[in-house]
Protein chains: 2
Amino acid sequence: MTQQSDPRQNSMLAALPLDEYQRLAPLLEPVELKLGASLAESGETMRYVYFPTDAIVSLLCVMEDGDSTEIAVVGAEGVVGISLFMGGETTPSRAIVQSAGSAYRLRGPLVKAEFYRAGPLQDLLLRYTQALITQMAQTAVCNRHHSLDQQLCRWLLLSLDRLPTNELRMTQELIANMLGVRREGVTESAGKLQRAGLIAYHRGRITILDRPGLEARVCECYAIVKKEYDRLMTYRRPPRDRGIG
Amino acid sequence: MTQQSDPRQNSMLAALPLDEYQRLAPLLEPVELKLGASLAESGETMRYVYFPTDAIVSLLCVMEDGDSTEIAVVGAEGVVGISLFMGGETTPSRAIVQSAGSAYRLRGPLVKAEFYRAGPLQDLLLRYTQALITQMAQTAVCNRHHSLDQQLCRWLLLSLDRLPTNELRMTQELIANMLGVRREGVTESAGKLQRAGLIAYHRGRITILDRPGLEARVCECYAIVKKEYDRLMTYRRPPRDRGIG
DNA sequence: TACTCACTGTGCGCTGACGAACATAGCGTT
DNA sequence: AACGCTATGTTCGTCAGCGCACAGTGAGTA
């Protein structure tokens, strides 16, 4: 039904040395991630780690009263399911597909085995986790200090960075859920962006018309997170001294 | 000038098997952490990992305009400087001593060497990091959805959990910096708690009088974080299949 | 004793976001 | 063509938190 994407569209898999990748490749299972699908529920043990190739996944914290907030977003640059190799097996947050697409998944025990080889994949996973931490921290600050207008810009740019096109399928209602704000608030902020000619949207389809314009309006949080991803994920670490006796 | 605390007051060090601990012990340098001291600055390479024994350290995100927000707090249950073993070396956040006390520190290269032994310390560090991630995520949600009153309760309880006494040396001004709110807001919220008989404060000294009362007022975020720490840090993982060929 | 400074308390007006209610407008179905 | 559903637009009163200004008050110091 859909043609298979190349696993190496995912940056983590692409960054592996060829021999490592070739050992891993037969273990990767292709999966289609449908809009709204859940990859992880609060407190439930995850069975797989997911490497998106062109899907986007939101990590959400859900409160007792149903209110939620997106704490991070994962695309082809990363991986969903860090708790599997960090040791906790579960997290208190949910992982929901925000933009449909493809991914490759790896069974939990296989990920752990690979992780404990202490090779390049471990390096990548840990560095990615640190970048994710930065994203979460910056989200916390942004929630505290910045206006909805700015946060919407940040959210649009973060999504755009993880998308092959400049079109985003997402209703204002859903964006509101992600940001943890009212739908009307998103309508209002999005209206401003539309009137300013930065975006166009129509019944669940958002088209970014002027990316530099968005970047001019966004708060510093966006750049900080992006820069940290670049720094952590492109840097090629020197061969390490394992200190193993 | 101050008597030396036992390194094993720190839960991470205490959780190590005796042989592991004994190898590490001679490498640990005792340090006094003075109120307000900085253990990490944004973007600067950390030289040490710190294991507090009775000090409390705040991890802060600072914005361009000087506004800041605490994204996590670390006491004797944890460690400051995860970026050293996660691979990034630096973080965009600051680490400031919030409550003076003692700690033991370990030079960065030594931490890495220990980490790559892939033994119990690695396990502990990774599990702790996951707990820290939960704390940061929950902070983000709390910033979005909960009132200052509730957040103050959360903050007081988080601090109290990491303190040997029920007295906290901290001005309202500083609390405001931590929470990323106005000083007057803290004055008002703290006034409510004082009038309700839950706390007493006087010029930078806060005494918790009624902990259950605070717990009754705090939002769910506090319990979620605490539960996750308990789950991650007390669970003894089964011997793992390293998958090493 | 008086002075100073840090800490706390209080009172404004302002604004951004909330909650609720309701109006309009596309799209698919019958 | 009529209907229904979903998505978007708008309004209105309320409120928490902001920024500012200033007043009290205790601790330390000269």
Side-chain angles (χ1 to χ4, degrees), chain A residues 35-36 63 65-70 98 140-156 167-196 198-207 217-219, chain B residues 35-36 63 65-70 98 139-156 167-196 198-207 217 219:
Chain A
L35 180 65
M63 315 291 306
D65 63 7
D67 279 355
S68 64
T69 300
E70 182 183 86
Q98 181 205 107
V141 187
C142 201
N143 281 355
R144 164 68 67 207
H145 290 290
H146 297 140
S147 69
L148 177 47
D149 286 15
Q150 290 182 303
Q151 291 182 47
L152 179 59
C153 289
R154 177 174 62 87
W155 191 87
L156 287 171
E167 189 185 290
L168 217 148
R169 300 181 60 97
M170 175 75 44
T171 65
Q172 300 184 351
E173 178 84 44
L174 286 176
I175 297 178
N177 282 157
M178 301 290 178
L179 294 179
V181 298
R182 285 182 321 151
R183 196 266 314 161
E184 294 92 323
V186 174
T187 299
E188 200 169 318
S189 285
K192 289 185 200 169
L193 297 182
Q194 168 126 283
R195 284 190 291 278
L198 305 181
I199 66 173
Y201 55 83
H202 181 68
R203 296 187 71 70
R205 277 189 160 75
I206 304 179
T207 310
R217 294 197 171 210
V218 76
C219 49
Chain B
L35 181 64
M63 314 291 307
D65 63 6
D67 279 355
S68 65
T69 301
E70 182 184 85
Q98 182 204 107
T139 301
V141 187
C142 201
N143 280 356
R144 165 67 70 206
H145 290 291
H146 297 141
S147 69
L148 177 48
D149 286 14
Q150 290 182 303
Q151 291 181 47
L152 179 59
C153 289
R154 177 174 63 85
W155 191 88
L156 287 171
E167 189 186 290
L168 218 148
R169 300 181 62 96
M170 175 74 46
T171 66
Q172 299 183 351
E173 179 83 43
L174 286 176
I175 297 179
N177 281 158
M178 300 289 179
L179 294 179
V181 298
R182 286 183 320 151
R183 194 268 313 161
E184 295 92 322
V186 174
T187 300
E188 199 168 321
S189 285
K192 289 184 199 170
L193 297 182
Q194 168 126 285
R195 283 189 292 278
L198 305 181
I199 66 173
Y201 58 81
H202 183 69
R203 299 186 70 71
R205 277 190 161 74
I206 304 180
T207 310
R217 294 196 172 211
C219 49

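Naming convention: chains lettered A, B, ... in sequence-line order (proteins, then strands); numbering from 1 in each chain. Everything numeric in this text was worked out from a predicted model, so none of it was measured.
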Got a sec, which residues hit side chain to side chain donor-acceptor pair (under 3.5 Å) with [X], two or more places apart in sequence or on another chain?
X: A:Arg154; result: none
X: A:Gln151; result: B:Arg144
X: A:His146; result: none

For B:Leu198, what residues pass the side chain to side chain contact (heavy atoms under 4.5 Å, CB included) criterion, not counting sequence neighbours?
B:Leu193, B:Ala196, B:Asp210, B:Leu214, B:Arg217

Test side chain to side chain contact (heavy atoms under 4.5 Å, CB included) applied to A:Leu174 - qualifying residues, sequence neighbours left out:
A:Met170, A:Thr171, A:Asn177

Does the side chain of B:Thr139 come within less than 4.5 Å of B:Glu70's, by heavy atoms?
no

Quick check: do B:Val186 and B:Trp155 have side-chain heavy atoms less than 4.5 Å from each other?
no

Nucleotides bounding contact with chain A, strand DNA chain C, heavy-atom threshold 4.0 Å
C:dA17 to C:dC27

Which residues, if any, of residues 140-152 of chain B bring a heavy atom under 4.0 Å of DNA chain C?
none

Could you give the start and end, 5' to 3', of the contact zone on DNA chain D for chain B, using atoms under 4.0 Å from its heavy atoms?
D:dG17 to D:dA27

At a heavy-atom distance below 4.0 Å, what parts of residues 179-192 of chain A sit against DNA chain D?
A:Arg183, A:Glu184, A:Thr187

Among all residues two or more places apart in sequence or in another chain, which pass the salt bridge (charged side-chain N to carboxylate O under 4.0 Å, His left out) test with A:Glu167?
A:Arg205

Measure the spacing between CD1 of A:Ile175 and CG of A:Leu156 and express it to the nearest 0.5 Å.
6.0 Å

All heavy atoms of A:Asp65 vs all of A:Asp67, minimum pair found to be OD1-N, 2.9 Å

Name all pairs fulfilling the salt bridge (Lys or Arg N to Asp or Glu O under 4.0 Å) condition that reach into residues 172-189 of chain B, sequence neighbours left out, sorted by first residue then second.
none

For a side-chain contact (heavy atoms from CB on, under 4.5 Å) with B:Leu179, tell me which candidate from B:Leu148, B:Thr69, B:Asn143 qualifies.
B:Leu148

